[in-house]
Amino acid sequence: MNIVVQKYGGTSVGTTEKIKRVADKIIQKKNDGYAVVVVVSAMGKATDHLIAMAKEVSKNPDSREMDMLLTTGEQVSIALLAMALIDKGYPAVSYTGHQLRITTSSAHQHARIIDIDPARVDRALREDKIVVVAGFQGVTEEQAYTTLGRGGSDTSAVALAAKLKASCEIYTDVEGIYTMDPRKLKNARKLQSISYEEMMEMASLGAGVMHYRAVELAGNYSLPLYVASTFADTQGTMIEGASKLMEQTVITGMASSLDDVQITVRHLPADASTLYRLFGELAQEEINVDMISQMITDAGEMHVSCTIPKETKELAQRIMTRWQVENPQIRWELNLDIAKVSVVGLGMRTHSGIAARVFKAMADNDIEIRMVTTSEIRISWVVDARHEDKVVLLIGQAFGLTT
Ligand code: ADP
Ligand code: ASP
Ligand code: MG
């Protein structure tokens, strides 16, 4: 049996009309001779609306109940899609995460898939049915409903494809993976292919087109992912192992994000134990520190700056207020208006001078760089949020990322 897992995102099933069009696309694949398993997200902005309602009844919604609520979004879309398929004369059956025993960790709202029981899917496929599965959800060993983090339906699809030894196609509202979010860079170039590593970097740096865990999982199983448009019949992008790549460029893509804030703490005692205590306390609150810069002044004091996710800023503020009570000489500030811009490319392993080209583009345009980090295949830097659009354009042009 040639099994394919197709995943359709929220905008692709945003209306009942679109659900019927998606059903036609699925039927085409079925008629091509495939056994088809479909993973769907909630319709349009359904998940956002559910979250907004939760916030209306509680400032801090209980996390178990939040997942009980969020999983309903996908339950609506799977039922409607299965109905549409049946109506068009194609036997179909929908399943929730619970029904397929998509077992996950118990971390509500960011659970990780542990295993999937393929028995029900196998049976339905053998009965020649199209199987429609709720993305984004699972269930703990204790039968509590969980969700996999925003955008997590991609991960449901990849996990199912790996389990069923199927191929995997991700259909969305863009024609594939571009060098940069086409909403942020108008002339971004569509890529024929991109490596798992590069896509993982881009996903974690703000390219919301793929869920990070989905790419990681696909890489672990060497499962190629085909990303393409739901409604346009154009060639999409393959996410696959580096050895298969068609294009050889130094910089493959870029990403930018407004999701971080910068904390700067000045006049700290200049010793390693201070750093250890400071970052230890941030870690204890599960605050995910990304970039760090540190400087020791001539006066023997230490200044430290780091970036953290915006949603953890209150926790960090609390820690810093406590530190200031203990050490009245320290000064700290939070900069909320920052953009983190990154370029990503496997070619950086073998080419030098990329950072210099980035810095030149910034210097020529009087854009101050507040912080920089690099890894083997990426450079990220922080600028004032108001410069984001300009930096994206400059870098897009400087590295040939536009058409
Ligand atoms: P879906 O609902 O299908 O899961 P998403 O909204 O999660 O869709 O992802 C698609 C969106 O990702 C696109 O509309 C696009 O704006 C955005 N995006 C961000 N970075 C990229 C990129 N590098 N290439 C393509 N799309 C990107
Ligand atoms: N419906 C979920 C969300 O909006 C999952 C997904 O779309 O992948 O985040
Ligand atoms: Mg998505």
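Counting convention: from 1, in listed order, for ligands and their atoms alike.
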### Polar side-chain atom of Q137 near backbone of T71 as donor-acceptor pair, under 3.5 Å
yes
### Task
For the pair E285 and R318, find out whether any cationic side-chain nitrogen is under 4.0 Å from an anionic carboxylate oxygen.
no
### Query
Is any side-chain heavy atom of S94 less than 4.5 Å from a side-chain heavy atom of E74?
no
### Query
When you look at NZ of K55, are more than 12 heavy atoms from neighbouring residues, nucleotides or ligands closer to it than 6.0 Å?
no
### Message
Polar contacts were defined as any N/O atom of the residue lying under 3.5 Å from an N/O atom of the ligand; does this apply to D154 and ligand 1?
### Response
no
Using atom types as modelled, flag every donor-acceptor pair under 3.5 Å from a side chain in residues 165-172 to any protein atom, sequence neighbours excluded.
residue, atom, partner, partner atom, Å
E169, OE1, Q6, NE2, 2.9
E169, OE1, Y171, OH, 2.9
E169, OE2, K29, NZ, 2.9

### Query
Which atoms from ligand 1 have a heavy atom of V174 less than 4.0 Å away?
13 (C), 14 (O), 25 (C), 26 (N)
### Message
Tell me whether R370 at atom CZ has more than 12 heavy atoms from other residues, nucleotides or ligands lying less than 6.0 Å away.
### Response
yes
### Message
As an exercise, identify every atom of ligand 1 less than 4.0 angstrom from a heavy atom of D173.
### Response
10 (C), 11 (C), 13 (C), 14 (O)
### Query
For atom 27 (C) of ligand 1, which protein heavy atom lies nearest, and how many Å away is it?
V209 CB, 3.4 Å
### Query
Under 3.5 Å, is there a donor-acceptor pair between the side chain of Q324 and the main chain of I330?
yes
### Query
If you draw a 6.0 Å radius around CD in E311, do more than 12 non-hydrogen atoms from other residues or ligands fall strictly inside?
yes
### Task
Mark up the atoms of ligand 1 that fall under 4.0 Å of a heavy atom belonging to I177, in ascending order.
24 (N)
### Summary
for atom 24 (N) of ligand 1, nearest protein heavy atom and its distance come out as Y178 N, 2.9 Å
### Query
For ligand 2, what is the set of protein residues having any non-hydrogen atom at a distance below 4.0 Å?
S41, A42, T47, E74, F136, R150, G151, G152, S153
### Summary
Closest to atom 7 (O) of ligand 1 (heavy atoms only, candidates A188, G208, G253) is G208
### Query
Within a reach of under 6.0 Å around CD of E141, are more than 12 heavy atoms found that belong to other residues, nucleotides or ligands?
no
## Note on the structure
Looking only at protein heavy atoms, what sits closest to atom 4 (O) of ligand 1 is K7 NZ, 3.0 Å
### Task
Looking only at protein heavy atoms, identify the closest one to atom 21 (C) of ligand 1 and say how far it is in Å.
D181 CA, 3.5 Å
### Message
If the contact criterion is a heavy-atom separation under 4.0 Å, does K184 count as touching ligand 1?
### Response
no
### Query
Short list, please: which atoms of ligand 1 are under 4.0 Å from a heavy atom of R183?
13 (C), 14 (O), 15 (C), 16 (O)
### Message
Within ligand 1, which atoms have a heavy atom of G176 less than 4.0 Å away?
### Response
24 (N), 25 (C)
### Query
Does ligand 1 have any atom sitting under 4.0 Å from a heavy atom of G151?
no
### Message
At less than 4.0 angstrom from any non-hydrogen atom of M202, what atoms of ligand 1 do you find?
### Response
23 (N)
### Summary
In terms of its nearest heavy atom to atom 2 (O) of ligand 1, the top option of G10, A207, A255 is G10
### Task
State whether D154 and K7 are salt-bridged, where the test is any N-O pair (Lys NZ or Arg NE/NH1/NH2 against Asp/Glu carboxylate O) under 4.0 Å.
yes
### Message
Atom NZ of residue position K20 - does it have more than 12 heavy atoms of other residues, nucleotides or ligands inside 6.0 Å?
### Response
no
### Message
Between D62 and R64, does any side-chain N to carboxylate O distance fall below 4.0 Å?
### Response
no
### Query
Counting heavy atoms only, which of L185, T172, L205 is nearest atom 3 (O) of ligand 1?
T172
### Query
Is any side-chain heavy atom of R120 less than 4.5 Å from a side-chain heavy atom of R123?
yes
### Query
Around Q75, counting heavy atoms of other residues, nucleotides and ligands shown, do more than 12 lie under 6.0 Å from its CD?
no
